[in-house]
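Accompanying notes for the structure given below.
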Amino acid sequence: MSEHKQFFPRQIVETGWNRWDWALLPMILAILVLLAYGGEQMVRPYQLGETLPLSLAPEYLPYYLLRTTLRMFIALGASIVFSCIFAVLATKYRAAEKILLPMLDILQSIPILGFLSITVTAFIALFPGSLLGVECAAIFAIFTSQAWNMAFSAYQGFRSVPAELKEAASVFKLSAWQRFWRLELPFATPGLLWNMMMSMSGGWFFVVASEAISVSNQSIKLPGIGSYIALAIEQRNLHAIGWAICAMLIGVILYDQLFFRPLLAWADKFRFEESGGETAQNSWLLNWLRNTERTQEIALAAGRLLERSFLLFRLNFDGTSIRAQPRTSSATPARVWDAVVAAVVFYALWVLVHFIHSEVGLSEVVRVFVLGFYTMTRVIVLIFLAALIWIPVGVWLGMNPRLAGRAQAVIQFLAAFPANLTFPVAVFLLVRFSLNPDIWLSPLMILGTQWYILFNVIAGASTIPTELHYAAQNFGLRGRLKWRRYLLPAIFPSFVTGAITASGGSWNASIVAEYVTWGNTTLKAHGIGSYIAEMTAAGDFPRIALGIGVMCVFVMGFNHFVWRRLYRLTENRLHF
Amino acid sequence: MSTPIIELKSVGKSFRSADGSARSILENVDFTLNEGEIVALLGKSGSGKSTMLRIMAGLIAADSGQALYRGLPIYGPANGISMVFQSFALFPWLTVQKNVELGLEAKGLAPDERVQRAEAAIEMIGLSGFEGALPRELSGGMRQRVGIARALVMEPEILLMDEAFSALDVLTGERLREDILELWESGRIPTKAILVVSHNIEEAVMMADRVLVFASDPGRVRDELPVKLSRPREVESSEVRSLIDKVYGLMTAGAMRAGRSTDKGGKMGLGDRLPEVEISRMEGTLEILADEPFRGRADLPKLAEETELSDHELLDVASALTLLGFALLDQGDIILTPLGAQYAQAGNPERKMIFGRQLLENVPLVAYIRHGLAQDPSGDLHEDLFLRLLRFTLNEADTLSVLRVAIEWGRYGDLFEYNFNTGILNMPKDEETSAER
């Protein structure tokens with residue numbers, strides 16, 4: 001085009017560094033140095049039995065925060081890759097879908113902490129003589145707290161790509177690779193991101209539990225916030241707990257500002273509703289990056305790399321080629337596949353029966369089921385109580401648009417904050433006033449997850465059509481009638497969405513919340529959570545497996561018989 | 001003479017319905033698209049015209065018969081064939097420029113050439129200046145322009161347009177249509193043939209060299225009408241008006257029974273499709289038809305103008321009215337029956353009575369539901385029973401919509417009541433008590 005411009009001296013001045021670049025350079029360098037340092041520490045040599053140095057001095061906290069963050073990000077990256085692979089396999093191959101979906105459903109309901117005690121031995125064996133094995137186990141635990149719902153949302157996204165867009169992709173002959181990057185992944189991105197944020201909250205919760213691992217009666221404490229807290233609990237150091245809470249607060253804020261806000265603002269373009277809709281997210285960091293030419297160049301280079309890959313993986317034949325001829329499909333492979341799956345299921349069933357019979361005994365199974373009922377009662381009562389408190393608050397906030405936006409940001413933050421940090425305080429109070437742990441430990445289960453209810457109720461209340469509001473006012477709806485006929489039905493769908501998340505989180509949290517320690521004091525509530533925690537402490541693998549299995553059955557039953565039905569009901573009837 | 005580009009030879013396509021039996025969508029369709037012509041496919045929704053277009057696009061494989069492009073069998077989307085979609089099908093996260101480049105990128109063209117060709121196409125379709133915009137920033141008409149540029153940039157031999165203007169308002173649609181015809185006439189695009197699927201009769205007559213009218217259940221080409229007028233054509237010219245009249249006549253030809261029995265004549269069956277028409281729209285049309293200036297007889301295109309309904313909406317209303325015995329169709333005219341005239345004059349209670357009576361007489365499904373309820377000792381039945389029945393002949397979406405129409409009509413005619421939450425149909429309350437007495 002206008003090539004003569006290149007000889008114009010001002011060009012050089014203008015394309016040089018802009019003022020944003022100067023500020024960005026030290027920041028990027030610092031991040032790189034930190035990452036390198038943290039990464040180096042992760043792979044240092046380590047022998048089982050060696051104690052890792054850990055200090056409660058607050059000046060070590062930034063370093064611990066770095067290590068923890070690094071683990072979180074690695075797990076997050078793994079979760080994203082896993083989600084994409086899962087979604088591609090499950091949407092492209094019918095046979096894979098048949099197995100993968102139920103598997104994910106089950107994995108979703110397995111209590112995350114259960115994974116840790118079982119997998120850590122395997123990971124240590126995988127990387128002998130290096131800290132990497134233990135690191136991997138911790139990362140894997142975080143991964144399991146994030147991956148399932150992300151994979152599910154990616155699958156949903158891939159499946160719900162509108163038919164006409166799919167047809168357009170075919171007509172313009174996009175290859176599977178091109179389709180993935182141009183159509184399917186962008187379409188699934190908003191959902192995936194949202195679930196990523198949710199997962200992150202879960203991740204913070206479990207990072208605290210997953211860094212201090214006990215294996216073969218040895219306790220390994222990986223340097224990180226979680227271990228810091230574990231040590232503080234052991235030494236009954238309330239000051240250290242306070243410092244940890246501060247560090248965590250800062251960590252969550254940094255995460256939000258430096259990572260999720262920019263990402264959300266950037267992903268706004270992937271929203272599918274083509275007309276306006278909700279207000280776009282805004283992020284100072286993204287604005288900054290967009291104003292910085294260097295980062296723009298990096299982004300463009302990444303784009304070019306992607307386009308180059310399109311060149312490599314493209315369809316080089318069209319629909320009239322013999323290669324496009326559909327293969328005649330026969331039913332035999334599908335049947336063989338079904339038979340194989342059935343055989344594996346029967347074998348697994350047999351192993352299970354054998355295991356129960358020889359390892360734990362039927363009476364133990366019955367006992368664990370009874371414990372499961374205790375925990376279920378707690379979950380139900382707690383969700384009910386949370387609803388009683390947060391629905392009115394949420395409706396009030398949601399109907400005040402000025403408050404709603406600010407409140408939601410705060411609540412998102414509260415949800416991300418790991419509630420188990422406050423557990424020591426609870427133990428302290430329980431012991432002080434000698435309260436019954438069976439009752440008073442229960443609220444801890446919902447401490448971190450109640451926010452989902454509030455968050456969703458606010459969202460629901462703020463989308464009530466203004467005209468409906470005016471109509472209710474006009475007809476003079478008041479008091480109970482107003483709630484029964486107008487407000488409750490209007491927010492019910494969002495309440496159900498929130499309650500599903502909250503209840504899932506509470507089941508998971510029961511492992512930590514029903515069995516709380518503070519130094520030598522251990523408080524225990526009767527329930528399946530405390531059973532699993534106790535067996536983990538004792539290293540009794542068959543019983544850990546039993547506890548996990550039974551909890552899994554409870555959660556799946558609960559999801560299937562209660563939540564899914566309620567959800568379907570709201571989908572059919574209660575929407576605007 | 002003209003060379004065929006696409007040939008369909010006795011093409012058939014069927015879909016599996018819920019109970020596993022095959023339901024035929026297309027049967028024995030023969031069709032040739034020749035170089036240098038624009039062909040329009042007209043027909044009611046569900047007549048298989050979109051399916052036929054998709055077979056040519058290589059998006060759906062035919063079950064029987066052959067689809068050939070330049071003598072080669074079509075197994076998938078072919079290089080020389082491009083398509084414009086009803087809902088535009090733009091990728092919302094790509095800019096206009098990138099959307100237009102999509103096909104070129106997939107083909108593996110060098111970036112420079114890609115950009116150049118896309119810019120030329122954008123310029124040609126009148127969108128220059130909007131290269132960097134995201135689709136959501138554009139109005140409907142502009143979005144469809146992007147869709148057209150995206151198809152044209154591939155320099156296709158054949159352009160397939162699937163109701164490309166029906167999501168746009170009338171004026172925008174007309175403008176876009178004229179622009180495409182201008183491109184076509186000027187020879188600035190290498191496109192050798194255009195196939196337009198539409199349910200707008202005027203659009204078809206204005207654009208096409210040939211209009212094909214589809215019959216439904218199963219879909220097949222029923223009539224073919226050559227349009228030998230030079231372009232640009234004047235909507236108000238008498239030739240165009242008379243052609244539009246003629247197409248209306250073709251589309252309403254035969255015993256204008258709703259749904260499948262269109263040209264079989266005779267009574268409607270239990271599992272036949274019902275025209276999806278609101279009662280208020282039916283009554284409104286009846287009143288206009290009874291009034292000045294029509295006084296009981298109207299030319300369908302004129303009535304369409306007066307009622308401000310689109311062609312396919314009016315055709316649905318007309319088939320509902322004939323089904324219920326309120327009107328007759330004759331050569332593209334609609335004529336009020338004495339009963340229809342009485343209905344238009346009547347007050348609300350009488351209307352409901354007549355409506356209910358006509359339903360029982362002419363709509364077997366409604367009569368069947370009513371009969372079932374009268375026979376049942378409890379006086380109520382679950383909708384699933386009827387859904388199951390309909391699934392034998394209809395696909396899932398049609399099953400639901402047919403029962404919905406039957407329920408709406410039956411409720412209006414005071415024949416039965418329905419509870420949405422429980423899905424239970426029951427006899428009207430007052431009739432039940434009077435029967436007990």
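Chain letters run A, B, ... following the sequence lines, proteins first and then strands; every chain starts at 1.
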Is there a donor-acceptor contact under 3.5 Å from the side chain of [X] to the main chain of [Y]?
X: A:Gln178; Y: A:Phe310; result: yes
X: A:Arg314; Y: B:Ala106; result: no
X: B:Gln144; Y: B:Ala164; result: yes

#### Entry: Interface moiety of B:Arg70 toward chain A, non-hydrogen atoms closer than 4.5 Å
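Interface part for B:Arg70: neither.
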### Task
Please flag which part of B:Met154 lies under 4.5 Å from any non-hydrogen atom of chain A: side chain, backbone, both or neither.
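Side chain only.
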### Query
Counting a contact as any heavy-atom pair under 4.5 Å apart, which residues of residues 94-105 of chain B contact chain A?
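Within residues 94-105 of chain B, the residues that come under 4.5 Å of chain A (heavy atoms only) are B:Leu94, B:Lys98, B:Leu102, B:Gly103, B:Glu105.
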### Message
With a 6.0 Å cut-off (strictly less than), is the heavy-atom count around CD of B:Glu123, excluding the residue itself, greater than 12?
### Response
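No, not enclosed.
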Contact part of [X] toward chain B, heavy-atom cut-off under 4.5 Å: side chain, backbone, both or neither?
X: A:Phe270; value: both
X: A:Arg179; value: neither
X: A:Phe313; value: neither
X: A:Ser170; value: both

### Task
For a side-chain contact (heavy atoms from CB on, under 4.5 Å) with B:Leu53, tell me which candidate from B:Met83, B:Met161, B:Glu163 qualifies.
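Looking at B:Met83, B:Met161, B:Glu163, the match for B:Leu53 under the side-chain contact (heavy atoms from CB on, under 4.5 Å) is B:Met83.
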### Task
Could you tell me which residues satisfy side-chain hydrogen bond (donor to acceptor under 3.5 Å, both in side chains) with A:Arg94, sequence neighbours excluded, listed by chain and number?
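If we apply the side-chain hydrogen bond (donor to acceptor under 3.5 Å, both in side chains) test to A:Arg94, skipping adjacent residues, the hits are A:Glu97.
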Relative to each other, are the rings of [X] and [Y] parallel, tilted or perpendicular (30° and 60° limits)?
X: A:Phe492; Y: A:Phe495; result: tilted
X: B:Phe91; Y: B:Trp93; result: tilted
X: A:Trp177; Y: A:Phe180; result: parallel

### Query
With chain B, which of A:Glu167, A:Glu307, A:Lys166 has the greatest number of heavy-atom pairs at distances under 4.5 Å?
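Among the listed options, the one with the most contacts to chain B is A:Glu167.
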